[in-house]
Participant: 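Please read through the structure below; I'll follow up with questions.
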Amino acid sequence: MAVSDIQLKEAIHTLKETGVRITPQRHAILEYLIQSMSHPTADDIYKSLEGKFPNMSVATVYNNLRVFREAGLVKELTYGDASSRFDYVTSDHYHIICESCGKIVDFHYPGLDEVEQLASSVTGFRVGHHRMEIYGICPECDKGTH
């Protein structure tokens, strides 16, 4: 069984536990998010699924993303541009963002977990979470292929 299949089963289980009904649209949106590495916008998700679900609206996608976010399955990424991007919640990871095309790529760096402990001991704060973004130009834009 592929990792994405296991994640989908776990996500559906989480939703059922919180009393969320699994409609075909919800299933498709969740599956798309799990398989997508591109941190899609609600519009991206809508455009990719509208052929399969002609009666589905962008509002339906937004409403389902809100349900997923409230269930802790999805993070909404807002990086100052007009539209939020959505990321299926996996292990802690960070994002590097292309300043030219807006592409977002995940990377892992466990050493940053120590930052929370350091911040807490230096300031006395009880740290809840942290977020870090790195900005640059992706290889495609750097080569002028985007």
Participant: Taking all heavy atoms of Leu65 and all of Ala42, pick out the closest pair and write down the distance.
Facilitator: CD1-CB, 3.8 Å
Participant: Any idea which heavy atoms bring Pro40 and Leu33 closest together, and the distance?
Facilitator: CG-CD2, 4.0 Å
Participant: Do Val67 and Ile22 belong together in a cluster built from hydrophobic side chains that touch within less than 4.5 Å?
Facilitator: yes
Participant: Taking all atoms of both residues into account, what is the closest heavy-atom pair of Arg85 and His39, and its distance?
Facilitator: NH1-O, 2.9 Å
Participant: Nearest 0.5 Å, please: how far is CZ in Arg26 from CG in Leu15?
Facilitator: 7.5 Å
Participant: Rounded to the nearest 0.5 Å, what separation is found between the CD atom of Glu50 and the CG atom of Asn55?
Facilitator: 11.5 Å
Participant: Please check this pair: side chain of Ser120 against backbone of Glu116, looking for a donor-acceptor N/O pair closer than 3.5 Å.
Facilitator: no
Participant: Would you give the length of the straight line joining atom CG of Leu8 to atom CG of Leu73, rounded to the nearest 0.5 angstrom?
Facilitator: 10.5 Å
Participant: What are the two closest heavy atoms between Phe53 and Ala28, and how far apart are they?
Facilitator: CE1-CB, 3.3 Å
Participant: Looking only at heavy atoms, which two atoms of Thr14 and Ala71 are closest? And how far apart?
Facilitator: CG2-O, 4.1 Å
Participant: Would you kindly confirm whether Val115 and Phe125 end up in one hydrophobic cluster when ILVMFWY residues are joined by side chain heavy atoms under 4.5 Å apart?
Facilitator: no
Participant: Indicate yes or no for a side-chain donor-acceptor contact from Thr41 to the backbone of Ser84 under 3.5 Å, with no hydrogens or angles considered.
Facilitator: no
Participant: Quick check: closest heavy atoms across Ile97 and Gly102, and the distance to 0.1 Å?
Facilitator: CG2-O, 4.3 Å
Participant: Could you check whether any side-chain N or O of Asp142 sits under 3.5 Å from a backbone N or O of Pro139, counting only pairs where one atom can act as donor and the other as acceptor?
Facilitator: no
Participant: Kindly indicate whether the side chain of Ile45, heavy atoms from C-beta on, has any atom under 4.5 Å from the side chain of Asn64.
Facilitator: no
Participant: Which value, rounded to the nearest 0.5 Å, describes the distance between Tyr62 atom OH and Phe86 atom CZ?
Facilitator: 6.0 Å
Participant: To the nearest 0.5 angstrom, please state how far the CZ atom of Arg69 sits from the CZ atom of Arg66.
Facilitator: 7.5 Å
Participant: Mind checking whether Ile29 and Met56 have side chains closer than 4.5 Å, heavy atoms only?
Facilitator: yes
Participant: What's the spacing between Asp87 CG and Leu77 CG if we round to 0.5 Å?
Facilitator: 5.0 Å
